[in-house]
Amino acid sequence: MPENHYDIIVIGAGHAGCESAIASAKLGKKTLLCTINLDTIGLMPCAPAVGGVGKGHIVREIDALGGVMGIITDKCAIQYKTLNTSKGIAVQSTRAQVDKHQYKREMRKFLEKIENIHIRQALITKINVKNGKIESVEDHFGFKFYTKALIITAGTFLSGLIHIGKKTYPAGRAGEFPANELSQSLKDLGFKLGRFKTGTGPRFKRSSIDFSKMDIRPGDGKPRYFSRITKDLPYTEYPCYVTYTNETTHNLILDNLEHSALYGGQIKGTPVRYCPSLEDKVVKFRDKERHQVILEPEGVDTDEIYVSGLGNSMPPEIQEKIFRSPKGLENVVILRPAYAIEYDYLEPHQLKHTLESKEISGLFFAGQINGTTGYEEAAGQGIIAGINAVLKIEDKEPFIIGRDEGYIGVMIDDLVTKGTDEPYRIFTSRAEYRLSLREDNVYFRLSEKAYNLGLIDANFMQEIEKEINLSKELTDYINSKKIFDEDKRETITLETFLRRENISLMDFPEISSYYPENVIRYVEIETKYKGYLERQKRDAERSKHLEFIKIPENMDYNIPGLSREIKEKLTKIKPTNLAQASRIPGITPSAISLLMVYIKKNEEQYKEVV
């Protein structure tokens, strides 16, 4: 293969780009990873943390698929915390504070050890398409690189514009070039782009903060690793701290709203609803006396503290007054101000579930460019795009995770089926089968698929199979083991006894001394929630039959009985099957019935056309 020819090219080396490139290279493809700045590979531009509600599930799914986000996180973690411990098992998630500088170093080190990955500092400005297929890309020096498949993971760099008060300047992130020409190239190819707004909090000097006036927020005291392959790493826990805004803070915001880029009319992009700026919180929740401010260490060897809860788009001189109003921050030294950023994103209904463009063969998109927000959402899309780019050029069946199989599947289906009119963030509430999509069963759900693709090795898979067999063995044991119930004076099975509140399999020495803890936990959950899980399984199977009724690519939706609005939505989204069509907002059950009858009636006609 000539030097400037590659199987796959990945634009962008953030969390999506890294996972895409690694998946592609692991599957044997010569992969070029292009980034504007080699020093920012795997950068965490916002909070120095990985995981959280729903997000932690995605990190573990990436690990089950052979990805690396969990591995790198474990190497750099300085605090682990299990969230939602007082709630049901389905919504409990892991979150880790990380040393963001070490994370960046470890990710680059990992990438550089992979033989098939070629890393290059390049600002890609143009995409070339020939006969409806991706052909090549060009950088700002005019160098051309040919490829069979292209994955764009441009993050916030497409026509990125930073706002601090009334001042604006083009940037992909603070201090980095934007990718204006690439944005224009996509428009020239006919893609519909939207405009979103996000932002990042300020950074303070650690030694200027009076932590004694704040609440300490420690972790769980012991690591709860994200990756299955992580074993006994050195671990020192570092706490976070919490303070609160007050009346002075809120008055400073309200008295200066005209100076805010968000409220002054400069910003046109839609903001993140689930992570609002301080201006938004103060204006929209005027009845609240205070808002939480979390101080998170950016690393072990830095004096820099990331501040969550004080993000805004005010001028620096007003930011300084705002930042010094909460307790403990009276004399704070500001190392980096907060800022807002607007950027172009691709309206995701233009993509297939593989994350390939519906119009241009071999062109894939992953990460924040698809309208999402968060490192984890980006990485989850990245590994799927990388896998499917390889399958595309090998002319193999695509790899798609169903809504009942993983949060990655829920996220991608939401994006391509419903689109998004605001930056998309995963939540456990988005998954209708969330009781089945837990952190503890992620390898049982996904690792066999990864093994069949070639993403994990035989030793890894053998460990999973051993645990599956042990789980079946333990399930059989508790179903047949008889015990005498002292309260009811009758003999019952251990399974029946286990369903009672505050009863755990760990209380039985013959079990806790023989079976691994993760197997015990899995069997216990499956037993306690057996009725609910069986109901979810039945619901999933009922909806599955619609997935087998394919909608022809050349489908004419001018069908008698369908409203104009429904016709427009179906034509825009171009669903591939009736299940996807049924999830489009506004598509009624009667419309699905009409489509089913029409497709079956005209099946031969569409076969002939195809």
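Remember, it's a predicted structure, so these values are computed and weren't measured experimentally. Residue numbers start at 1 and run along the sequence shown. What you see below is based on every heavy atom in this structure, not just the backbone, and it leaves out hydrogens, waters and symmetry mates.
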Donor + acceptor pair across side chains of [X], [Y] (<3.5 Å):
X: Asn388; Y: Thr354; answer: no
X: Thr35; Y: Gln121; answer: no
X: Arg224; Y: Thr94; answer: yes
X: Asp413; Y: His353; answer: yes
X: Glu138; Y: Asn128; answer: yes
X: Thr576; Y: Gln580; answer: yes
X: Asn370; Y: Gln381; answer: yes
X: Glu176; Y: Asn37; answer: no
X: Glu465; Y: Asn469; answer: no
X: Thr31; Y: Asn116; answer: no

Salt-bridge contact [X]-[Y] (side-chain N to carboxylate O under 4.0 Å):
X: Arg445; Y: Glu405; answer: no
X: Glu106; Y: Lys109; answer: yes
X: Arg403; Y: Asp414; answer: yes
X: Lys574; Y: Glu359; answer: yes
X: Glu181; Y: Lys126; answer: no
X: Arg108; Y: Glu112; answer: yes
X: Arg203; Y: Glu298; answer: yes
X: Lys222; Y: Glu237; answer: no

Do [X] side-chain atoms and [Y] backbone N/O form a donor-acceptor pair below 3.5 Å?
X: Thr373; Y: Tyr424; result: no
X: Arg438; Y: Val91; result: no
X: Asp139; Y: Ile124; result: no
X: Thr417; Y: Arg583; result: no
X: Thr73; Y: Met69; result: yes
X: Lys26; Y: Gly66; result: yes
X: Lys148; Y: Glu135; result: no
X: Glu342; Y: Leu161; result: no
X: Thr153; Y: Gly367; result: no
X: Gln350; Y: Glu347; result: yes

* Asked: Do Phe204 and Tyr306 have their ring centres less than 6.0 Å from each other?
  ->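 No.
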
* Between Tyr522 and Phe444, does the ring centroid distance fall short of 6.0 Å? ->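 For Tyr522 and Phe444, the ring centres are under 6.0 Å apart.
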
* To do: Would you check, one step at a time, whether the test ring pair (Phe, Tyr, Trp, His ring centres under 6.0 Å) holds for Tyr339 with Tyr169?
  => CA-CA 11 Å; Tyr339 67 84; Tyr169 62 93; 7.9 Å; no

Could you tell me the separation between the [atom1] atom of [X] and the [atom2] atom of [Y], rounded to the nearest 0.5 Å?
X: Ile369; Y: Leu355; atom1: CD1; atom2: CG; result: 11.5 Å
X: Ile134; Y: Ile393; atom1: CD1; atom2: CD1; result: 12.5 Å
X: Leu455; Y: Ile383; atom1: CG; atom2: CD1; result: 6.0 Å
X: Leu33; Y: Ser20; atom1: CG; atom2: OG; result: 9.0 Å
X: Asn84; Y: Thr428; atom1: CG; atom2: OG1; result: 7.0 Å
X: Lys352; Y: Phe365; atom1: NZ; atom2: CZ; result: 12.5 Å

* **Closest approach of Val53 to Leu83 (non-hydrogen atoms, all atoms of both residues)** =>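 Taking Val53 first and Leu83 second, the nearest heavy atoms are N-CD1, 4.0 Å.
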
* Distance-minimising heavy-atom pair for Ser357 and Ile360 ->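 Heavy atoms of Ser357 and Ile360 come nearest at OG-N, 3.0 Å.
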
* Assess whether side chain to side chain donor-acceptor pair (under 3.5 Å) is satisfied between Thr82 and Asp220, documenting all intermediate values. => CA-CA 7 Å; Thr82 305; Asp220 292 341; 3.1 Å; yes

* Looking at Lys197, Lys192, Arg195, which one forms a salt bridge (charged side-chain N to carboxylate O under 4.0 Å, His left out) with Asp344? ->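 Filter result, single survivor: Arg195.
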
* From the options Lys100, Arg95, Arg217, Arg206, select the one residue that forms a salt bridge (charged side-chain N to carboxylate O under 4.0 Å, His left out) with Glu296. =>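 Of all the options given, the one that passes is Arg95.
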
Using 30° and 60° as the class boundaries, would you call the ring planes of [X] and [Y] parallel, tilted or perpendicular?
X: Tyr80; Y: Tyr225; result: perpendicular
X: Tyr345; Y: Phe196; result: parallel
X: Tyr6; Y: Phe145; result: tilted

* To do: Determine which pairs satisfy ring-ring contact (aromatic ring centres under 6.0 Å, His included) with at least one residue from residues 15-68, sequence neighbours left out, and list them in order.
  =>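 Residue pairs passing ring-ring contact (aromatic ring centres under 6.0 Å, His included), neighbours aside: His15-Tyr103, His15-Tyr375, His57-Tyr407.
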
Does atom [atom1] ([X]) have a neighbourhood of more than 12 heavy atoms from anything else shown, all under 6.0 Å?
X: Lys396; atom1: NZ; result: no
X: Lys144; atom1: NZ; result: yes
X: Lys466; atom1: NZ; result: no
X: Tyr235; atom1: OH; result: yes
X: Asp457; atom1: CG; result: yes

* To do: State whether Tyr443 and Arg228 meet the cation-pi test: NZ (Lys) or CZ (Arg) under 6.0 Å from the six-membered ring centroid, and within 45° of the perpendicular axis.
  =>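 The answer is yes; both the distance and angle limits are met.
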
* Can you check salt bridge (charged side-chain N to carboxylate O under 4.0 Å, His left out) on Glu377 and Arg425, steps first, answer last? -> CA-CA 7 Å; Glu377 289 91 339; Arg425 179 177 177 179; 5.2 Å; no

